[in-house]
Amino acid sequence: GLGGEALAQVAEPTEGDLAVASAPANGVISYPPSFFDEFRPATAQDMVNRIPGFTFNRGDDVRGFGGAAGNVLIDGERPSSKAVTLEETIRRILATQVERIDLIRGGAPGIDMQGQAVMVNIIRRKGADTSVTLEFMGKLYNDHDPGMGPRIDASTRIGDLLLSGAASARIEKQQGDSGNGNFIRRDGAGAVIARGPFVAEVENRTYAVNGAAEYGNFRLNLGADRTEIPRNEYAVLTNLAGVQNTERAVNDVVSDKAEIGADYQIPLAYGLTGRLIGLHTYKASDLVSTQTGRGAVSRSTKKTEGGESILRGSVRGLFQGLTIETG
């Protein structure tokens, strides 16, 4: 429940596993939905995390598109998104929409391994369906207010149009940073000049929405999220003369991120396939820090903005078992 990078089980396949999964063919092992029934998965992410011998890699947060790939494909293709993480994208696919999951070692015809030794390919079911998943995560602490994390995922198919989306929030106190303690101030010689109780309250609030639309060979991805980390620290200090003074530091950090991405594939002559990807990502952060109690009020601000725009075209073909791509 703490988030971060999801790690799958790394146990090698057992005889029982392979009795349910299909026999390996050309370095590919196929796992049907029945393989995951005992784990009661809600999303494709839950299924991927249970594949024997596989460790999920969400990809690198670097500039550009080619070097940022993870090790999960959807219907044989890499999602055209960066700010919307690979973990978030596969979590948006509900378990009821998965036809099978292929574990690929070394390579397979028509699959771009993107420099990975092992890949997972999520194959989705065809046909019309609508699915909604609701999830609520609660955290109880003996020294903090409860934390919570509601989430909703929805998906529907209308003819050839597939729509999916998710909205989530997470609100909780930051463990390790929040709590009570004692504050001691010393001079340059190490002698105590003031001391008193100290309190720190640090919250972490994250809100995220994202969605996708697919129609034929065209795909569109949208996503946005906001992270708020208000930090309130104060101490009531008593100096050697017995005079009390309250010192307070308030830091508000707000980070925003948004992205729109699209890609289009089209069959070309001589068995070639063309793909065009457009992607724009925007990031911004705002920090306001205020300190009182030691002389004049101190207030500082810091604002940053950044963005990245990508336009990428490629042509790929399969010639006598050899995949060639240029762009």
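In this chain, numbering begins with 1 at the start of the sequence shown.
Counting only heavy atoms from C-beta outward, the side chains of Phe136 and Ile152 never approach each other to under 4.5 Å. Within the 4.5 Å cutoff, side-chain heavy atoms of Phe56 are placed close to those of Glu87. Side-chain contact between Leu220 and Ile260 is present, with at least one heavy-atom pair separated by less than 4.5 Å. Residues Ile51 and Met47 have side chains not in contact (no heavy-atom distance under 4.5 Å, counting atoms from C-beta outward). Two residues are said to be in side-chain contact when any heavy atoms from C-beta on lie closer than 4.5 Å; Val118 and Ile104 fail this criterion. Under the 4.5 Å side-chain criterion, counting only non-hydrogen atoms from C-beta, Glu233 is not in contact with Gln291. In this structure, the side chains of Arg125 and Arg100 stay at 4.5 Å or more apart for every pair of heavy atoms. Residues Phe54 and Leu103 form a side-chain contact, since some pair of their non-hydrogen atoms from C-beta on lies under 4.5 Å apart.
At a cut-off of 3.5 Å, with distance as the only test, a side-chain donor of Tyr282 or Glu305 sits close to an acceptor on the other residue. With no hydrogens or angles considered, a side-chain donor-acceptor pair links Ser155 and Gln97 at under 3.5 Å. With no hydrogens or angles considered, a side-chain donor-acceptor pair links Thr96 and Ser131 at under 3.5 Å.
Between the Asp187 side chain and the Ala189 main chain, a donor and an acceptor come within less than 3.5 Å of each other. Of the possible polar contacts, none joining the Asp160 side chain to the Tyr215 backbone as a donor-acceptor pair under 3.5 Å is found. Between the Asn245 side chain and the Gly293 main chain, a donor and an acceptor come within less than 3.5 Å of each other.
In the hydrophobic clustering of this structure, Ile324 groups with Val315; members are Ile, Leu, Val, Met, Phe, Trp, Tyr whose side-chain heavy atoms approach within less than 4.5 Å, directly or through other members. Residues Phe183 and Leu240 do not share a hydrophobic cluster, clusters being chains of Ile/Leu/Val/Met/Phe/Trp/Tyr side chains in contact below 4.5 Å.
We find that Arg170 and Glu172 are joined by a salt bridge, their nearest charged nitrogen and carboxylate oxygen being less than 4.0 Å apart. Ion pairing between a basic and an acidic side chain is recognised when a charged N comes within 4.0 Å of a carboxylate O; Arg124 and Glu214 show such pairing. Contact check on Lys283 versus Glu259 returns no salt bridge, with no Lys/Arg side-chain nitrogen under 4.0 Å from an Asp/Glu carboxylate oxygen.
Taken from CZ in Arg157 to OG1 in Thr130, the straight-line distance is 10.5 Å, to the nearest 0.5 Å. The distance from atom OG of Ser30 to atom CD1 of Ile101, rounded to the nearest 0.5 Å, is 10.0 Å. Annotation: the span from Asp102 atom CG to Leu73 atom CG amounts to 10.0 Å, rounded to 0.5 Å. Within the model, atoms CD of Glu38 and CZ of Arg40 stand 10.5 Å from one another, a figure rounded to the nearest 0.5 Å. Annotation: the span from Thr281 atom OG1 to Ile310 atom CD1 amounts to 6.5 Å, rounded to 0.5 Å. To the nearest 0.5 Å, atoms CZ (Arg231) and CG (Leu287) are separated by 11.5 Å.
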Between Asn49 and Phe39, is a side chain to side chain contact (heavy atoms under 4.5 Å, CB included) present by the stated rule, with each step listed?
CA-CA 10 Å; Asn49 289 347; Phe39 307 116; over 6 Å; no
Could you walk me through whether Arg92 and Asn210 satisfy the side chain to side chain contact (heavy atoms under 4.5 Å, CB included) test, starting with their C-alpha distance in whole Å, then the side-chain angles of each, then the deciding distance to 0.1 Å, before giving a yes or no?
CA-CA 9 Å; Arg92 205 167 51 200; Asn210 62 79; 2.6 Å; yes
Ile123 vs Asp75, test: side chain to side chain contact (heavy atoms under 4.5 Å, CB included). Steps then yes/no.
CA-CA 5 Å; Ile123 309 299; Asp75 294 329; 4.2 Å; yes
Evaluate Ile122 against Val72 for side chain to side chain contact (heavy atoms under 4.5 Å, CB included), listing each step before the verdict.
CA-CA 7 Å; Ile122 301 172; Val72 176; 3.8 Å; yes
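None of Ile74, Val48, Thr43, Asp153 except one satisfies the side chain to side chain contact (heavy atoms under 4.5 Å, CB included) rule with Ile93; the exception is Ile74.
Nearest heavy-atom pair across Val98 and Pro33 is O-CG, 3.3 Å. Among all heavy-atom pairs drawn from Arg50 and Phe35, the shortest one is O-CE2, 3.9 Å. Scanning all heavy atoms of the two residues, the minimum distance from Val288 to Asp286 falls at CG2-OD1, 4.1 Å. Of all the heavy atoms in Thr290 and Val297, the pair that sits closest is CG2-CG1, 4.1 Å. Nearest heavy-atom pair, Asp46 versus Pro41, reported as atom, atom and distance to 0.1 Å: CB-CB, 3.7 Å. The minimum heavy-atom distance between Gly76 and Asn121, with the atom names listed, is N-OD1, 2.7 Å.
Evaluation of the side chain to side chain contact (heavy atoms under 4.5 Å, CB included) rule for Tyr264 yields Asn217, Phe218, Ile266 as partners, not counting sequence neighbours.
Sparse packing is recorded around CZ of Arg195, with 12 or fewer heavy atoms of other residues, nucleotides or ligands lying under 6.0 Å away.
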Can you give each donor-acceptor pair under 3.5 Å made by side-chain atoms of residues 197-207, sequence neighbours left out, with the distance rounded to 0.1 Å?
unit_1, atom_1, unit_2, atom_2, d
Glu203, OE1, Arg205, NH1, 2.9
Asn204, OD1, Thr206, OG1, 3.4
Arg205, NE, Glu228, OE1, 3.1
Arg205, NH2, Glu228, OE1, 3.2

